[in-house]
Amino acid sequence: MTKIEHHLSEQMLMAHAAGTLPEAFDVLIATHISLCDTCRVLLETYETLGGAVLDAGEECAMGSDALTATLARIEAAPADVPARPRIRDAVFPAPLRDYVGGDADAVRWRPLGGGVRQARLKTAGGATLRLLNIPAGTAVPDHGHRGTELTLVLQGAFRDADDRFARGDVETANADLHHHPVAEAGVDCICLAATDAPLKFDGLIQRIAQPFLGI
């Protein structure tokens with residue numbers, strides 16, 4: 001059983017329920033709540049509240065073809081949806097596996113330097129979604145943030161100052177945080193990271209390479 005110590009903020013869960021986040025953040029949140037009972041219950045609460053607000057709102061006129069278009073989409077849907085196969089010891093939870101089209105062994109990793117690898121996932125909405133593979137015992141270069149970054153641990157763990165983040169944990173970083181995460185020894189750390197602005201690196205090499213690496 002996954003023991004999660006670091007959860008999503010209520011503001012993030014409310015925004016996800018309201019459908020106001022970029023796709024990159026939505027994918028990360030869906031992946032986290034598939035592992036986290038606490039955040040899943042909170043999200044269901046916000047979704048219920050949102051439904052109540054809609055019920056209490058004013059009626060909105062629909063297009064004359066709305067019913068016909070809806071029925072056509074229902075008829076065009078597959079009659080039988082195949083059951084999702086269970087993958088024993090999968091690194092990626094089901095929502096991320098569906099998005100990637102497989103587990104971690106299906107990812108086409110690209111080197112970032114220092115043994116760290118990444119894979120950018122295609123998303124819309126102005127935010128970036130990346131998978132990171134950090135060798136055990138390796139430190140990520142010092143960096144800050146120009147916006148918000150959510151980092152979800154999928155395998156292994158990393159330490160950041162006095163905190164430890166393991167499978168299912170989410171680290172939330174913003175412009176106030178400057179840090180130097182280090183992957184724990186033992187097993188490589190695989191994370192999913194969503195950012196809405198480029199990172200701020202201290203090192204000259206990282207700053208030069210940043211536009212080419214998309215970070």
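All of these numbers come straight from a predicted model, not from anything done at the bench.
- For the pair Arg164 and Glu184, the salt-bridge criterion is met [side-chain N within less than 4.0 Å of a carboxylate O].
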Verify side chain to side chain contact (heavy atoms under 4.5 Å, CB included) between Leu96 and Leu121, making sure each step is shown before the conclusion. CA-CA 10 Å; Leu96 184 58; Leu121 305 181; 4.2 Å; yes
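- Residue Val153 is found in a hydrophobic cluster whose other members, listed by chain and number, are Phe158, Phe165; membership requires side-chain heavy atoms under 4.5 Å apart, directly or through intermediates.
- If you chain together hydrophobic residues whose side chains sit under 4.5 Å apart, Val187 and Leu152 never meet in one group.
- Thr123 OG1 to Glu23 CD: the interatomic distance, rounded to the nearest 0.5 Å, is 5.5 Å.
- For the atom pair Leu8 CG and Leu13 CG, the distance stands at 5.0 Å (nearest 0.5 Å).
- From His32, atom NE2 reaches atom NE2 of His16 across 11.0 Å, with rounding to the nearest 0.5 Å.
- Closest approach of Ala127 to Phe25, counting heavy atoms only: CB-CE1, 3.8 Å.
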Report the C-alpha separation of Met62 and Leu67 in whole Å, then their side-chain angles, then the decisive distance to 0.1 Å, and conclude whether the side chain to side chain contact (heavy atoms under 4.5 Å, CB included) test is met. CA-CA 9 Å; Met62 299 178 65; Leu67 178 59; over 6 Å; no
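- For the atom pair CE of Met14 and CG of Leu43, the computed distance is 11.5 Å after rounding to the nearest 0.5 Å.
- Residues Val170 and Val91 are members of one and the same hydrophobic cluster, defined by side-chain heavy-atom contacts under 4.5 angstrom among Ile, Leu, Val, Met, Phe, Trp and Tyr.
- Partner Leu132 forms a side-chain contact (heavy atoms from CB on, under 4.5 Å) with one of Val140, Thr151, Leu112 and no other, that one being Leu112.
- Rounded to the nearest 0.5 angstrom, Leu129 CG and Leu150 CG are separated by 10.0 Å.
- The minimum heavy-atom distance linking Ala17 with Glu47 is given by the pair CB-CG, 3.8 Å.
- A donor-acceptor distance shorter than 3.5 angstrom exists from the side chain of Arg167 to the backbone of Leu154, with no hydrogens or angles considered.
- Counting only distance, with no hydrogens or angles, the side chain of Asp188 and the backbone of Ala136 share a donor-acceptor pair below 3.5 Å.
- Judged by distance alone, the side chain of Asp98 and the main-chain N or O of Pro95 form no donor-acceptor pair under 3.5 Å.
- Residue Arg40 qualifies as enclosed at atom CZ: its count of foreign heavy atoms under 6.0 Å is above 12.
- Interatomic distance, Phe92 CZ to Leu192 CG, rounded to the nearest 0.5 Å: 8.0 Å.
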Verdict with reasoning, Ile4 to Thr38, per side chain to side chain contact (heavy atoms under 4.5 Å, CB included): CA-CA 9 Å; Ile4 296 174; Thr38 300; over 6 Å; no
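- Leu28 and Val100 fall within the same hydrophobic cluster, defined by Ile, Leu, Val, Met, Phe, Trp and Tyr side-chain heavy atoms under 4.5 Å apart, directly or through other members.
- Nearest heavy-atom pair across Asn133 and Pro135 is O-CD, 3.7 Å.
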